[in-house]
Amino acid sequence: MSNLVSIDDISREEILDLIERARYFEEHPNHKVLDGKVVATLFFEPSTRTRLSFETAVNRLGGRVIGFSDAGTTSTSKGETLKDTIKMVSNYVDLIIMRHYLEGAARYATEVTDTPIINAGDGANQHPSQTMLDLYSISKTQGKLNDLTITMVGDLKYGRTVHSLLMAMRYFNPTFNFVACDELRMPKEYKDFCDANGIKYTEHTEFSEEVINQTDILYMTRVQRERFTDIMEYEKVKNLYTLHNDMLANSKPNLRVLHPLPRVNEIDRDVDDNPKAYYFDQARNGLFARQAIICKALGIDIYKENN
Ligand code: CP
């Protein structure tokens with residue numbers, strides 16, 4: 001692995017290897033294996049967790065970071081193309097981590113440079129580093145990845161985190177419940193993907209306790225205002241699904257609530273103190289998963305370097 005553009009690019013073995021590496025970094029967060037390396041973080045879309053955890057990861061590994069969090073302050077605002085921006089930045093760094101609002105932007109970047117590219121989110125398409133931290137979180141909390149029931153709730157149409165997670169889980173015999181209104185249903189291409197890979201799924205418009213009570217991982221998502229062209233459509237669907245603490249009363253003991261964050265109204269604050277709420281720990285796991293991804297992209301043998 002040098003580029004990480006789609007979760008579909010990496011095998012089951014590579015996923016399991018990245019999880020082991022994340023576990024290693026959780027125990028050794030300040031392992032300095034990036035001495036002399038410079039990493040660019042190019043964020044054409046807003047971010048808190050992804051950018052800051054990637055940058056923390058580089059810093060804790062002993063590398064250096066350049067980049068931007070607001071493309072409006074760069075020559076993009078003068079009309080420079082994405083191609084030229086990527087080619088220019090490639091002159092300066094060993095690795096590029098990029099988020100862009102256009103689907104396919106990261107894949108396109110790999111075609112214009114030999115510098116490794118990590119996709120930190122491209123439109124409604126993919127968010128593979130989020131998926132790695134989700135898988136690490138699932139593995140930590142469930143003790144396994146196989147044979148789990150995962151309920152995805154909210155914006156399943158535009159939610160790149162659920163698209164990436166669904167694809168990665170194909171190796172682990174999941175059962176999915178998709179809970180969404182008609183406007184935000186899981187797109188056909190992902191249901192076709194389930195069918196092609198023998199993945200069981202059911203669809204629901206009601207967020208019922210019956211569904212919650214059979215769930216191991218409850219994956220809540222935000223309805224993303226920025227993906228709607230018609231703001232009235234957003235207003236219609238933005239508050240349809242909210243998890244409240246009492247809805248977890250009869251849930252399985254091992255259930256954990258995940259959310260890629262940021263949340264708006266989809267998880268009530270009264271859930272935060274429930275031991276089953278895992279979304280802040282999940283975000284912390286992002287640091288270790290991203291340390292693992294960076295080292296893998298740069299071909300660094302973390303175990304050897306430690307000897
Ligand atoms: N989960 C996630 O991608 O969060 P940010 O948008 O804050 O990076």
Side-chain angles (χ1 to χ4, degrees), residues 4-7 18 22 39-60 65 67-72 95-106 117-138 140-141 150 152-169 184 217-228 234 238 241 243 256-267 271-272 277-294 297:
L4 179 56
V5 171
S6 165
I7 200 70
L18 282 169
V39 175
T41 53
L42 312 184
F43 277 67
F44 296 83
E45 263 195 340
S47 167
T48 297
R49 278 145 293 272
T50 309
R51 186 174 65 82
L52 294 181
S53 62
F54 264 123
E55 294 188 355
T56 305
V58 175
N59 284 315
R60 287 199 178 276
V65 180
F68 55 81
S69 56
D70 176 4
L95 173 69
I96 295 175
I97 297 162
M98 61 178 283
R99 170 173 286 188
H100 202 281
Y101 49 87
L102 287 179
E103 295 182 21
I117 301 286
I118 295 175
N119 181 8
D122 61 328
N125 187 31
Q126 285 273 321
H127 195 348
S129 69
Q130 176 72 43
T131 301
M132 283 314 311
L133 78 89
D134 291 345
L135 292 172
Y136 183 45
S137 300
I138 293 170
K140 272 177 73 174
T141 60
I150 300 178
M152 296 174 161
V153 184
D155 180 359
L156 307 189
K157 179 178 180 185
Y158 299 114
R160 57 195 176 197
T161 62
V162 290
H163 299 161
S164 289
L165 181 58
L166 180 153
M167 295 177 84
M169 287 304 296
L184 296 176
I217 293 293
L218 183 55
Y219 199 97
M220 302 298 297
T221 65
R222 175 176 66 96
V223 176
Q224 303 170 87
R225 189 178 51 192
E226 63 272 28
R227 307 279 177 234
F228 285 77
Y234 167 73
K238 67 177 185 184
Y241 302 109
L243 178 67
R256 291 295 177 274
V257 181
L258 270 58
H259 189 310
L261 304 177
R263 71 170 153 184
V264 185
N265 293 322
E266 57 279 0
I267 301 179
V271 181
D272 292 357
Y278 195 74
Y279 27 93
F280 295 121
D281 300 287
Q282 177 190 358
R284 181 172 181 272
N285 289 336
L287 169 59
F288 314 121
R290 289 180 170 123
Q291 286 181 303
I293 290 168
I294 289 166

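Since the model is a prediction, treat every value here as computed from it, not as a measurement. Just follow the structure's listing: the first ligand is 1, and inside any ligand the first atom is 1.
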Do you see a donor-acceptor pair shorter than 3.5 Å between the side chains of Gln126 and Ser164? yes

Are any of the side-chain heavy atoms of Ile294 and Gln291 separated by less than 4.5 Å? no

Rounding to 0.5 Å, atoms CZ (Phe54) and CE (Met98) come to a distance of 12.5 Å

Scan residues 283-293 for pairs that pass salt bridge (Lys or Arg N to Asp or Glu O under 4.0 Å), counting only residues two or more places apart or in two chains. Glu26-Arg284

If you compare all heavy atoms of Phe288 against all heavy atoms of Ala22, which two are closest, and at what distance to 0.1 Å? CB-O, 3.5 Å

List ligand 1's nitrogen or oxygen atoms that come under 3.5 Å of a protein nitrogen or oxygen, with the partner atom and distance.
residue, atom, partner, partner atom, Å
ligand 1, 1 (N), Gln130, OE1, 3.0
ligand 1, 1 (N), Pro260, O, 2.8
ligand 1, 1 (N), Leu261, O, 3.0
ligand 1, 3 (O), Thr50, OG1, 2.9
ligand 1, 3 (O), Arg99, NH2, 2.9
ligand 1, 3 (O), His127, NE2, 2.9
ligand 1, 4 (O), Arg49, NE, 3.2
ligand 1, 4 (O), Leu261, O, 3.3
ligand 1, 6 (O), Arg99, NH1, 3.0
ligand 1, 7 (O), Thr48, N, 2.8
ligand 1, 7 (O), Arg49, N, 3.0
ligand 1, 7 (O), Arg49, NE, 3.3
ligand 1, 7 (O), Arg49, NH2, 2.9
ligand 1, 8 (O), Ser47, OG, 2.6
ligand 1, 8 (O), Thr50, N, 2.9
ligand 1, 8 (O), Thr50, OG1, 2.6
ligand 1, 8 (O), Arg99, NH2, 3.4

Phe44 and Phe68 aromatic ring geometry - parallel, tilted or perpendicular at 30°/60° bounds: perpendicular

